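Values reported hereafter were calculated over all heavy atoms of this structure, with side chains retained and with hydrogens, waters and symmetry mates removed. Naming: A, B, ... by sequence-line order, numbering from 1 per chain. From a predicted model like this one, the values you see are computed outputs, not experimental measurements.
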Amino acid sequence: MRFSARGNVIKIHEYQAKELMSRYGIQIPEGDTASDPEQTALLISHLGPPTIVKAQIHAGGRGIGGGIKFANSPEEGRGIAEGLIGSHLITNQTGAQGAIVHKLLVEKTVAIKREMYLACVIDRSSQGPLLIVSPTGGMDIEKIAATQPEKILRVPIDLGAGFQPYQSRNICRFLNLDPKFIRAIFDLMTSVCGLFIENDCSLVEINPLVLDERDCLIALDAKIDFDDDALFRHMRLSNFRDASQQEELERQATEAGVAYVKLDGTVGCLVNGAGLAMATMDLAHGVGAEPANFLDVGGSATIEKIAAAVKIMLSDTNVTIILVNIFGGILRCDILAEGIVKAFRDIGSTLPLVVRMSGTNVEAGTRILFESKLDVSFASTLRELEGILSAKYA
Amino acid sequence: MRFSARGNVIKIHEYQAKELMSRYGIQIPEGDTASDPEQTALLISHLGPPTIVKAQIHAGGRGIGGGIKFANSPEEGRGIAEGLIGSHLITNQTGAQGAIVHKLLVEKTVAIKREMYLACVIDRSSQGPLLIVSPTGGMDIEKIAATQPEKILRVPIDLGAGFQPYQSRNICRFLNLDPKFIRAIFDLMTSVCGLFIENDCSLVEINPLVLDERDCLIALDAKIDFDDDALFRHMRLSNFRDASQQEELERQATEAGVAYVKLDGTVGCLVNGAGLAMATMDLAHGVGAEPANFLDVGGSATIEKIAAAVKIMLSDTNVTIILVNIFGGILRCDILAEGIVKAFRDIGSTLPLVVRMSGTNVEAGTRILFESKLDVSFASTLRELEGILSAKYA
Amino acid sequence: MSIFVNNKTRLLVQGITGREGGFHAEQCLTYGTNVVAGVTPGKGGHIVAGKIPVFESVHQAVNETGANVSLIFVPAPFAQDAMLEAVDAGIELIICIAEGVPILDSAKTLNFISKQGARLLGPNCPGIISPAERCKVGIMPGYIHLPGTVGVVSRSGTLSYEAVSQLTALDIGQSTCVGIGGDPLIGTDFVDVLKLFNQDPETELIVLIGEIGGNMEQDAARYIKEYVTKPVAAFIAGATAPTGKRMGHAGAIITGSDGTAAEKKSALETAGVVIIPSPGEIGITVKNMID
Amino acid sequence: MSIFVNNKTRLLVQGITGREGGFHAEQCLTYGTNVVAGVTPGKGGHIVAGKIPVFESVHQAVNETGANVSLIFVPAPFAQDAMLEAVDAGIELIICIAEGVPILDSAKTLNFISKQGARLLGPNCPGIISPAERCKVGIMPGYIHLPGTVGVVSRSGTLSYEAVSQLTALDIGQSTCVGIGGDPLIGTDFVDVLKLFNQDPETELIVLIGEIGGNMEQDAARYIKEYVTKPVAAFIAGATAPTGKRMGHAGAIITGSDGTAAEKKSALETAGVVIIPSPGEIGITVKNMID
């Protein structure tokens, strides 16, 4: 899962990714979505078995988790749908609570000759989009990168000139595809690059990309992530939003516009700056105090935003203490302090706070907290903070 | 006029340029084309006078040449059309023979608040498209450049990033337009850049670009030239071709695929390489022998192409002598010689030739010409060539 | 001496009439920076902080004031436009504070910049400060800095303030502190800064503050091993971050094996870098290296 | 010495199995150039001229043979692809012979090249030759050249052969002859070449051959006036060409006042350049300058 300090996260389902790919001329298996067992059975009889039924959740690992099943008849499909729809599917990426299944993607199976891997991401060294291809499909690309790096080809795309024919020839050769596929590969890569750039994606992944028995290149599975920061120019992507797939506190954080990741510990961490937030978590962990969350309130936070962030932390019932570590730059300590006080008062919380503030308007902030009558321990350095926390968790 | 050694020249009429601009969202005056007086009158009554009637020919200077007239009634329009359609309009760019008028563009007049200039060309120093704007519209931009260079703003476009908002602000300020036009200027410039790049143009010119009384930016006149070398990827532009607007010999040259420009002298010049061709013309002029043409047969010429080029020269009745100056690189002298001989034999011409050949396969070429029994004087250097020509024209 | 900025810096602030822009322009001015101009379209002719003239465009500002460095405070969706405007107007060093710039905007901007020969710091960075030159070009709190000989370079803003505070508290001054920014695509990276620190006669020790995600620290390790002759201490944040989750910074997501804190620390250690074990021990580690 | 190419040049020919590519690859080889590889997709494994191995891609050719210069003979519509492939594979100097490359293709290629730090000569150029190094990388007839100390640079191919012939006929040898090409957008211009000739210890005199259109000759004049310490002679073609008509070369069209032969000659004359009055007098003018 990915989070943004701007609170504008859109994740999309496989069927939506495939729909978008199809609009760019990328071939996808014949199929459609179903929301209940009856529709599923109807769809299968319409498509003609054998079919594959895929649970639509915002997490990977569905195959092993039981979310992808073959259906050789409408009846079998109905049974699968009855088991899946409404259930919480648990995979290695969902966490213990699982993710609720509302929709199934039902597709006609494809007669596969070969499975390959294709993705497009942003590359730091070439400062633009990068295509990643591998003749080994269906596997986790990170696993391939770790064990068979020679099986991965990286093809940088120049934003001015676009994907080039020579790159298509190189990819074909690398994938050990017959030269007759050079044109098809060119068209596919041009489509993937167009989709990536025009929609401000952060990831377009086709895994596996398969060659079927009719020699067509088909996106058998599809994953698209977007650059949260560019969503302002793709407002129609909001239609893709599926609130049911997001952890409740993280959903609230998204709305409040703060970067929040829920973790399993008891120390609520309120920090500004991602680096300092991570360092603060490292510090807590170092003295045996496990963080309950990552939370970066960002630079230009308002009182309301801080208050919302604190309330989200406080509604995590595991939290027994709030650790505040702020180094004011753009964020001013007085605004931070007011936000904290507002949240504690609104909720009526009495949890203890350990606060270390520094930087812009630190005196005003300290005064506000001091006068608030909340249970605050002040630290003036990180080592003092470490000491206080260490004492509490000793 | 522009010529290409590849023989694929497309020039388009004002009404076609406006049609293309309109497809890119650029506003043009309300109007349509008419091919006869009746249609013209009907169009005027449909649009509602006052209207403007513009002869559609492939040359500028129409205003002074009498090709642009106001029509305050359908009857007046009919009269104008009767005078223009089928006539040869002579302007300062057509030459003495004029250009035939087949079509008129009839437009509703625009209530003009301001006239400005806008063009897009390729710029050598920024290595990409360049917008040229001026607050002085309706004039020849070269005249403005010569007399009021401070009235011209040059705005380079980055091919990767495209036209930028700050450039729109700068243009608005330069044109002394109210900031409320920043958005309209941004949209217009983005359209012009898109049109230029997507159609491989070599020139997009809107002169004048006018601001009308409703504060709309309108392309009152429009000119678009294409990059001949990129026509292979814009085959539909062939529909724009209007053979009636091209000088006959130049049209034949276009078909034969040689670069040919008809001039007024008597010395037919057959040269390979544009630089050497111009130098040869300079040399002839220097000894009082005026060139009848510029002709560059290009690099990889075949016997047929050479023969076609020679025939074009020979069909210019002013020509009394053929001057051949070839320095064989990619072009081989033997192929050249065979082409010349073929053309002279096919036509049965007896005109004298002065030939200077050098470079690849020069011996074989010389032998072919020598054995052909044509009236050939051979020169081995440019100074010898100069001497022979000088003697003939003394 | 210092790197990137000094007392010849003539600073322009883009977005100067905004809340953040105005606040920080004044802070820079107060610190001693030569803030010569501001730009906000539509606000040309205004005066900020009693003396900084505001212009309609960067071209005008550069023509009238000779500005050579620009600090950008415009909102992220307009950052590309502001950066390109600065490059186009001939600004040599552009520092983009904005957080949340679309990554393709950064890519296009970097492509344009590399063609034009300018330098970008950021986006999503706190800026640069050279205490001895009294030159602060960024949003860091100036008062925590002390002139000295330690060069600090960091991907994280607040964590670099933390580092500087600890150094200053121990009376260890800084030559220049550079925040390179937390985005996955940035204009100036660790290697660029290490190169300059290594050449800077005033810098005697380098503190590098990295974090999980990407492989910039590994690149830095390779560079240090081969070229850097000065002692380097490094802290890497995110040792306890879970895999596959994005920790705020767009650049801070661990993918596969090449983004973990452990791997980065090990690469740096191999290059002879002193690893700082805890974020509270940055200052003391450097002190021990000096003593 | 020589500029651009020398006996360390390891030449790759793209489009080597085509008619022109094959013919000229062999001509280069015969002249003495170290032609190490050819590329034609679909023809990998072939051998040209009895010894030049053909590869499927430039990357393969570079890996296997260490090629560092590429000569491109592919048809114009495919030239952009070929040039970008060469840059991407790490070729340092790319010479594009193709005539008729779409100008936006050239623009995109040049943008990419300037980012990657390679050099392009052309498109639409005859190439380079250094007689003393027995290195010919282009389509010029090799036999007309003579080793010596005159550097020749020209926008026009055949006109440069003419110039060289006249020099050689008078026993005046050439250090390097560079055809920069007749397109309006080219990778290497007069100023780039003048700079190198001016630094080259073996070049004692420079012949510049320009033509109507554009303002590259005026730029050259400015550069010569300020920097060039060696004598320069220039011929400008197109004095009799009519205004507004394109003389074959896409670059050779006079627009307005800044493209005429008269203006160019006057700019060069002001810079101390000897103007060659007639195309037949290139050799004799240089001889008079030397004597």
Side-chain angles (χ1 to χ4, degrees), chain B residues 1-6 93 122 124 127-129 140-143 145-146 158-160 197 200 202 227-230 232-233 259 261 263 271-286 290-291 294 296 298-300 325-330 358-360 381-383 385-386, chain D residues 19-20 24 76-77 97 99-105 107-108 110-111 114 126 139-141 144 154-162 165-166 169 182 184-185 189 209 211-212 214-216 235 237-242 244-250 252-253 255-258 261 278-281:
Chain B
M1 269 177 279
R2 317 183 82 226
F3 297 86
S4 155
R6 272 84 38 201
Q93 292 184 22
I122 287 282
R124 183 169 66 88
Q127 301 187 330
D140 191 357
I141 190 69
E142 272 114 13
K143 197 171 279 176
D158 182 64
L159 284 168
I197 292 166
D200 278 295
S202 59
D227 177 5
D228 308 339
D229 295 327
F232 67 90
R233 56 190 173 209
V261 180
L263 302 168
V271 193
N272 71 323
L276 192 59
M278 286 188 280
T280 307
M281 287 158 60
D282 294 346
L283 179 143
H285 175 80
E290 290 307 323
F294 166 93
D296 170 14
S300 59
N325 187 15
I326 294 295
F327 215 117
I330 281 190
S358 223
T360 315
T381 68
L382 222 49
R383 298 193 89 182
L385 188 76
E386 202 170 1
Chain D
R19 199 165 55 96
E20 305 303 341
H24 286 290
I97 305 297
E99 185 185 357
V101 177
I103 197 154
L104 275 171
D105 289 7
K108 287 172 185 168
L110 287 172
N111 273 272
S114 72
I139 59 171
M140 64 291 288
I144 60 172
S154 171
R155 276 169 78 182
S156 157
T158 46
L159 194 49
S160 71
Y161 312 159
E162 178 61 43
S165 298
Q166 291 182 25
L185 272 198
D189 62 16
I209 298 173
E211 59 189 40
I212 54 167
N215 51 10
M216 218 187 296
F235 175 74
T240 55
K245 297 235 175 194
R246 169 172 156 181
M247 297 291 125
H249 276 177
I253 181 169
T255 52
S257 59
D258 71 342
S278 151
E281 293 170 30

If every non-hydrogen atom of B:L159 is compared with every non-hydrogen atom of D:A107, which pair is closest and at what distance?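 Smallest interatomic distance, heavy atoms only, reads CD1-CB, 3.7 Å.
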What part of D:I209 gets closer than 4.5 Å to chain B, counting heavy atoms only: side chain, backbone, both or neither?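 Contact with chain B: none, neither part.
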Who among B:R233, B:K143, B:H285, B:E290 has the most heavy-atom pairs with chain D under 4.5 Å?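 Highest number of heavy-atom pairs under 4.5 Å: B:R233.
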Report which part of D:A76 has an atom under 4.5 Å of a heavy atom belonging to chain B: side chain, backbone, both, or neither.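 Contact with chain B is absent: no heavy atom of D:A76 under 4.5 Å.
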Given a strict heavy-atom distance threshold of 4.5 Å, which part of B:I197 is in contact with chain D: side chain, backbone, both, or neither?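 Contact with chain D is through both the backbone and side chain of B:I197.
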Under 4.5 Å between any side-chain heavy atoms of D:S156 and D:E211, yes or no?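 In contact.
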Who passes side chain to side chain contact (heavy atoms under 4.5 Å, CB included) against D:S160, sequence neighbours left out?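 D:S154.
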With only heavy atoms counted, which part of D:I103 is less than 4.5 Å from chain B, the side chain, the backbone, both or neither?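 The answer is both parts of D:I103.
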Heavy-atom cut-off 4.5 Å, strictly under: side chain, backbone, both or neither for B:E386 against chain D?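 Answer is side chain: those atoms of B:E386 sit under 4.5 Å from chain D.
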For the residue pair D:I97 and D:H24, establish whether any side-chain heavy-atom pair is separated by less than 4.5 Å.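 A side-chain contact is absent here, since even the closest heavy-atom pair is not under 4.5 Å.
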Residue B:D158 versus chain D: region with a heavy atom under 4.5 Å: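 The side chain, not the backbone.
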Side chain from CB out, backbone as N, CA, C, O: work out which of these in D:E20 comes under 4.5 Å of a heavy atom of chain B, or both, or neither.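 Just its side chain gets close to chain B.
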Sequence neighbours excluded, which residues qualify as side chain to side chain donor-acceptor pair (under 3.5 Å) partners of B:N272?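 Result, side chain to side chain donor-acceptor pair (under 3.5 Å) vs B:N272: none returned.
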Do B:S202 and B:D227 have side-chain N/O donor and acceptor atoms under 3.5 Å apart?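 No pair is found: no donor N or O on one side chain lies under 3.5 Å from an acceptor on the other.
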Top contributor to chain D interface from B:L283, B:L385, B:L382 [non-hydrogen pairs under 4.5 Å]: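 Looking at each option in turn, the highest pair count goes to B:L382.
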Chain D heavy atoms under 4.5 Å from B:A279: which part of the residue, side chain, backbone, both or neither?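 Looking at B:A279, backbone and side chain both touch chain D.
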For chain B, the option from D:M216, D:Q166, D:K108 that forms the most heavy-atom pairs under 4.5 Å: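 Of the options given, most contacts go to D:M216.
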Indicate the atoms forming the closest heavy-atom contact of D:A237 with B:G275, along with that distance.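 The answer is CB-O, 3.6 Å.
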After noting the C-alpha distance and the side-chain angles of D:L104 and B:I122, does the key distance pass the side chain to side chain contact (heavy atoms under 4.5 Å, CB included) rule? CA-CA 8 Å; D:L104 275 171; B:I122 287 282; 4.1 Å; yes
